[in-house]
2 protein chains.
Amino acid sequence: MELIQTCCEPVLVEPIAAAEAEELAGGFKLLADPIRLRIISLIANSANGELCACDLPAVLGRSQPTVSHHLSLLTEAGLLSREKRGKWAWFRIDADRLGVLRDALSSP
Amino acid sequence: MELIQTCCEPVLVEPIAAAEAEELAGGFKLLADPIRLRIISLIANSANGELCACDLPAVLGRSQPTVSHHLSLLTEAGLLSREKRGKWAWFRIDADRLGVLRDALSSP
DNA sequence: AGTTAATATTGACGTACGTCAATATAACTG
DNA sequence: CAGTTATATTGACGTACGTCAATATTAACT
């Protein structure tokens, strides 16, 4: 652990590394949008833990391309998983990925 | 709880309200920046649970105005508290505000 | 094959944000 | 009081992001 000389007293560098902060910030950035939060919440509170994308434009009041865009972001980041069944796309939550972010707030 | 008619089956509206999603998203937006995450981490891992702003530009590799800007954002949002002692500004973490965001991830 | 329906992709537009230089404010020091 | 130091504010710049219209893709159904 590296030491840095400051005006007051030495400070430990780094509690979290810059690279780790970058990755965590990327995760929180995905949670930093109300539409994406509502998507996650809708899935989490859905009957079977999964939700059809077809419902979302009406529920969220956003266009189909916008909803699809958010779903893709969440899926590419691993926060959701996508399963195509026929014409429909069903999404589930990846609890582990969400847990990483929650744990980061437990001992920042 | 309102019902909405969709192509598949009725869906409960809303697990979280749009307004609540807006507020939570605002909180996560503050965590969605690596510099701000490192500030929080540095304070959390500091000796007395508080940190002098004077240390941060050197540690974080950002200009003084940039660091001050981030500290102001976090303070105005209630995630940090600021105490001016003489020339120096000392910052602490408001655990409750962070807890709200962590809890939101426990039952999204 | 042709049609319809659900989803994905592309391109464009406006806004929000991180950053720094320059300047202002506030507080200690000689 | 003049000078110095820590912090805050202002203004400007480039980039990233949320959004939608238009289009493409994929799958079901006649």
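Chain letters run A, B, ... following the sequence lines, proteins first, then strands; residues in each count from 1.
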Contacts of B/Ser81 that satisfy side chain to side chain contact (heavy atoms under 4.5 Å, CB included) - sequence neighbours left out: B/Arg92
Axis-to-axis angle across the helix from C/dA1-D/dT30 to C/dG30-D/dC1, five pairs an end, to 10 degrees? 20°
Only one of A/Leu74, A/Leu80, A/Leu79 passes side chain to side chain contact (heavy atoms under 4.5 Å, CB included) with A/Arg97; say which it is. A/Leu79
A/Lys84 NZ to C/dA5 C1', in whole Å, measures 11 Å
Looking at CZ of B/Phe91 and CD1 of B/Ile43, how far apart are the two atoms once the value is rounded to the nearest 0.5 Å? 7.5 Å
B/Asp55 CG to D/dT5 P, in whole Å, measures 17 Å
Can you measure B/Leu56 atom CG to D/dT7 atom P for me and round it to whole angstrom units? 8 Å
Using whole Å, what does the distance between atom C1' of nucleotide D/dT26 and atom CD of A/Glu83 come to? 16 Å
Contact class for A/Arg85 vs. all strands (heavy atom < 4.0 Å): base, sugar-phosphate, or nothing? nothing
In short, salt bridge (Lys or Arg N to Asp or Glu O under 4.0 Å) pairs touching residues 16-25 of chain B with sequence neighbours left out are none
Letter per nucleotide, 5' to 3', of nucleotides 14-25 of chain C [B base touched, S only sugar-phosphate touched, - untouched; heavy atoms, 4.0 Å]: ---SSBBBB---
Nearest whole angstrom, please: distance from the P of D/dA28 to the NZ of A/Lys87. 8 Å
Using the test side chain to side chain donor-acceptor pair (under 3.5 Å), find all partners of A/His70 that sit at least two apart in sequence or belong to another chain. A/Arg36
If you round to the nearest 0.5 Å, how far is CH2 of A/Trp88 from CD of A/Glu83? 13.5 Å
Listed partners of A/Ser68 passing side chain to side chain donor-acceptor pair (under 3.5 Å), at least two apart: none
Which residues pass the side chain to side chain donor-acceptor pair (under 3.5 Å) test with B/Arg82, not counting sequence neighbours? B/Ser72
Contacts of B/Pro65 that satisfy side chain to side chain contact (heavy atoms under 4.5 Å, CB included) - sequence neighbours left out: B/Ser63
Length of the line joining B/Trp88:CH2 and D/dA6:P, which is rounded to integer Å: 7 Å
Atom CZ of B/Arg82 and atom P of C/dA26: how far apart are they, to the nearest Å? 13 Å
